[in-house]
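Structure first, commentary second.
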Protein chains: 2
Amino acid sequence: MASLHDVAKLAGVSKSTVSRVVNNEYGVKQATKDKVQKAIDELGYQTNLVAKELKSQKTNLIGVIVPRVASSATSQGVDGLSRVFDNAGKQVLLASTQQSFQKEIEFIRLFNQKRVEGIILYATHLDEELVEVILQSAAPVVLVGQDGSLFNIPSIVHDDFRVGFEAGNRLLSNGCRNIGFIGVASSDIAVDKLRYQGLEQALQFKRKGEPLFHSRGEFTIESGYLQAKQLLAEHANLDGLFCATDRIAIGAVKAIQELGLTAGLDIKVLGVGNDELGSVSSPSISTFNYPFDKAGESAAKLLMDLLSGEPASMSKIVLTFQTIDRETC
Amino acid sequence: MASLHDVAKLAGVSKSTVSRVVNNEYGVKQATKDKVQKAIDELGYQTNLVAKELKSQKTNLIGVIVPRVASSATSQGVDGLSRVFDNAGKQVLLASTQQSFQKEIEFIRLFNQKRVEGIILYATHLDEELVEVILQSAAPVVLVGQDGSLFNIPSIVHDDFRVGFEAGNRLLSNGCRNIGFIGVASSDIAVDKLRYQGLEQALQFKRKGEPLFHSRGEFTIESGYLQAKQLLAEHANLDGLFCATDRIAIGAVKAIQELGLTAGLDIKVLGVGNDELGSVSSPSISTFNYPFDKAGESAAKLLMDLLSGEPASMSKIVLTFQTIDRETC
DNA sequence: TTGAAAGCGCTACCAT
DNA sequence: ATGGTAGCGCTTTCAA
């Protein structure tokens with residue numbers, strides 16, 4: 001592959017001159033410009049950005065780490081952030097951890113070696129080792145989905161505690177008295193713990209006691225179905241069900257229907273996220289809209305601010321949500 | 001940020017020696033190894049991969065270009081291909097064109113300058129300029145979704161003509177006599193043209209004449225709804241509707257229901273892709289399963305073969321599909 | 001077992 | 001207006 005040197009030789013000028021015309025710098029005679037351009041075309045010369053990056057100590061690279069891309073939160077998020085980065089002339093180095101916690105750490109290390117300028121990490125948990133690695137990272141890390149602000153890690157989070165609180169109120173004001181919660185892994189503070197605690201808080205506040213149960217499973221329809229099936233058998237008096245995600249809610253509704261009950265009538269069901277699935281399913285899932293694309297955008301903008309050397313002006317951004325009323329509540 | 005040089009100075013050895021211990025090369029005394037390791041830890045040295053890449057002329061980078069990541073085809077595809085690349089020690093540079101044809105070209109150029117080893121392009125069309133750029137690209141390009149084999153561009157495609165043919169047969173054998181098609185932009189050969197032509201072929205083959213119409217819109221539920229609404233008004237005798245995607249089908253079903261008709265009974269509806277949306281919607285969408293994750297995987301594997309210098313043994317890979325029977329047909 | 005030096009492709013400073 | 005040169009951080013002979 002042709003280099004500056006080759007072009008220079010062919011055009012009969014120095015590398016410096018070629019560099020000047022390639023970068024459109026001021027002070028090159030039109031005649032030489034033409035000569036050089038001809039050589040460039042002839043050789044099909046293409047700037048070697050890795051050399052340029054080494055020289056300039058600037059890669060324009062942003063690392064993005066996600067547990068998987070095929071989820072509405074991450075796929076919409078990546079679209080959102082890549083729009084921002086593209087406008088800023090940055091490229092996105094994407095890594096999917098396939099839910100492996102260990103890989104998150106490996107990729108943070110690798111990305112630093114690749115000299116990325118910053119990292120956006122979609123996290124599903126946050127443990128000591130991960131926090132350690134993030135704090136050691138030369139490239140600033142912005143966390144999305146979990147709150148790392150306690151450790152001084154800038155974070156974009158959804159208002160998970162409040163969504164739980166709202167869910168509780170919503171269920172209560174729709175007449176529910178026996179309310180349960182289906183969450184995910186307990187290591188997932190945002191999705192499992194906070195949403196549950198918010199619910200708990202709402203019940204306490206209205207003096208309605210404790211939630212009936214706090215069940216845990218995975219982020220799938222199937223898992224929601226399986227859990228609901230069992231829980232329904234154990235709690236015959238259940239009349240309100242708050243699910244940590246819309247997919248789980250869809251599964252739960254299926255279990256409810258199989259029992260000959262009507263979701264939204266016998267048992268009110270609420271999900272979180274406003275996954276498109278919930279809008280087409282039948283009955284449609286009442287939920288809370290989470291702005292996943294904005295989360296990606298905000299993360300990107302926050303990171304760009306950090307990179308521009310401004311002293312961080314916020315420790316975290318908490319995104320709001322909207323109530324979406326549909327058939328199940 | 002500490003470099004080999006810094007480590008060498010601190011450890012009192014040469015850069016060469018440091019390089020040797022960093023890369024675990026044979027022939028370094030344990031004592032020096034320890035000395036060097038100590039210096040590395042002290043300085044928090046991290047290999048600068050951009051320097052290494054320049055020196056070794058190897059980036060381990062793969063460029064991936066998608067129209068948007070928030071679609072089942074691309075998000076599942078990216079998950080599939082990134083699994084393969086990760087195992088091979090390659091990183092993924094991701095670009096989203098936001099449906100801009102011009103950006104596809106820009107990114108191919110940029111990626112070549114970044115010295116990616118190969119490019120995977122999720123295309124929604126294929127015009128002369130794009131073909132030109134692909135053929136000029138130093139990094140081999142694998143096309144996904146559109147067939148570029150005519151221009152000697154290795155491609156991963158779904159069996160779009162046959163899916164149309166099958167759709168026709170399926171509709172016919174379910175008693176339909178007046179069949180229409182809702183597609184997308186005519187520049188999208190795979191999704192619009194081939195699927196329609198397959199349908200046409202099936203009708204011809206069974207001597208049932210021509211499809212009632214070939215309408216075109218976008219890849220959205222809304223667009224499917226709007227088109228179907230109008231088409232239903234124009235073609236009162238319609239009893240079979242083939243939609244280029246499941247989302248379009250979902251929209252169409254909504255229009256059908258609004259007319260007081262029953263999808264699957266009065267009008268049979270077929271989609272393509274097996275989008276999860278179609279499985280939870282009501283009525284559920286009869287469709288054809290497209291293995292999007294496998295498409296990503298196959299593209300990755302094909303590219304890796306190309307990179308390993310084997311003479312290309314196939315000009316394209318046509319993925320098969322499965323019939324998914326649900327309520328609308 | 002270790003070190004010196006050249007060179008990957010580029011930019012930028014200093015001369016001319 | 002143009003060229004020479006040093007150097008970004010690394011690997012890799014070749015010598016010692």
Side-chain angles (χ1 to χ4, degrees), chain A residues 1-40 43-61 109-117 138-139, chain B residues 1-40 43-61 109-117 138-139:
Chain A
M1 175 138 279
S3 73
L4 265 195
H5 182 233
D6 303 321
V7 177
K9 242 180 7 191
L10 180 60
V13 298
S14 75
K15 290 194 296 174
S16 321
T17 302
V18 179
S19 173
R20 287 187 186 104
V21 348
V22 167
N23 296 300
N24 251 312
E25 276 167 33
Y26 189 76
V28 185
K29 219 170 23 177
Q30 189 60 44
T32 27
K33 255 190 199 166
D34 295 344
K35 223 170 28 178
V36 170
Q37 191 56 54
K38 188 155 158 282
I40 287 179
L43 294 172
Y45 169 77
Q46 300 244 85
T47 307
N48 184 331
L49 285 183
V50 2
K52 190 170 188 162
E53 286 165 6
L54 174 60
K55 173 69 186 175
S56 66
Q57 305 285 64
K58 190 150 191 4
T59 57
N60 286 316
L61 253 195
R109 295 232 167 86
L110 176 65
F111 283 1
N112 270 288
Q113 303 193 140
K114 280 255 178 192
R115 295 299 189 264
V116 299
E117 299 180 353
Chain B
M1 175 139 276
S3 72
L4 265 196
H5 182 100
D6 303 321
V7 177
K9 241 179 10 188
L10 180 60
V13 297
S14 75
K15 290 195 297 174
S16 325
T17 303
V18 179
S19 172
R20 287 186 187 108
V21 349
V22 166
N23 296 301
N24 250 314
E25 275 167 32
Y26 190 78
V28 184
K29 218 168 32 175
Q30 188 59 45
T32 26
K33 254 190 201 165
D34 295 343
K35 227 172 22 183
V36 170
Q37 190 55 54
K38 190 157 156 281
I40 287 178
L43 294 172
Y45 169 77
Q46 301 243 85
T47 308
N48 184 331
L49 285 183
V50 1
K52 190 170 189 162
E53 285 164 8
L54 174 60
K55 176 66 187 177
S56 66
Q57 305 284 65
K58 191 157 193 353
T59 58
N60 286 315
L61 253 196
R109 296 231 168 87
L110 176 65
F111 284 0
N112 270 288
Q113 304 194 140
K114 279 253 178 193
R115 295 298 189 263
V116 300
E117 299 180 354

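No hydrogens, no waters, no symmetry mates; every other heavy atom, side chains included, goes into these values. Just so we're on the same page: letters track the sequence lines, and every chain starts at 1. Just so it is clear, the structure is predicted and the values come from calculations on it, not from any experiment.
When rounded to the nearest whole Å, the span between CD of B:Glu25 and C1' of D:dT13 equals 12 Å. D:dT2 atom P lies 7 Å from atom NZ of A:Lys35, rounded to whole Å. In this structure, A:Lys15 atom NZ and D:dG4 atom C1' are separated by 10 Å, rounded to whole Å. Remark: P of D:dC10 and CG of A:Leu54 are 9 Å apart, rounded to the nearest angstrom. Here the P atom of nucleotide D:dT12 and the CD atom of B:Gln57 are 12 Å apart, to the nearest Å. In this structure, the OH atom of B:Tyr26 is 19 Å from the C1' atom of D:dT12, given to the nearest Å. Atom CE in B:Met1 sits roughly 13 Å away from atom C1' in D:dG9 (whole-Å rounding).
Counting heavy atoms from C-beta on, the side chains of B:Lys15 and B:Val18 never come closer than 4.5 Å.
Residue-level contact check: A:Thr32 touches the backbone only, with heavy atoms under 4.0 Å from sugar-phosphate atoms and none from bases. Using a 4.0 Å heavy-atom criterion, one finds that A:Ser16 contacts the bases of the nucleic acid, with or without backbone contacts as well.
Here the closest heavy-atom approach between residue B:Leu54 and residue B:Gln57 is recorded as O-OE1, 3.0 Å. Nearest heavy-atom pair across A:Ala139 and A:Asn112 is N-OD1, 3.0 Å.
Taking 4.0 Å as the cutoff to heavy atoms of chain A, we find the contact window on DNA chain C bounded by C:dG9 to C:dC13.
Looking at residues 45-52 of chain B, you'll see B:Tyr45, B:Thr47, B:Asn48, B:Ala51, B:Lys52 sit with a heavy atom under 4.0 Å from some atom of DNA chain D.
In the helix from C:dT1-D:dA16 to C:dT16-D:dA1, the terminal helix axes, each the rotation mapping four pairs' C1' atoms onto the next four within five end pairs, subtend 50°, rounded to 10°.
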Output, in order, the C-alpha distance, side-chain angles, deciding distance and verdict of side-chain hydrogen bond (donor to acceptor under 3.5 Å, both in side chains) for B:Ser16 and B:Ser19.
-> CA-CA 5 Å; B:Ser16 325; B:Ser19 172; over 6 Å; no
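Judged by distance alone, the side chain of A:Asp6 and the main-chain N or O of A:Ser3 form a donor-acceptor pair under 3.5 Å.
Within the structure, a side-chain polar atom (N or O) of A:Thr17 is placed less than 4.0 Å from OP1 or OP2 of D:dG3.
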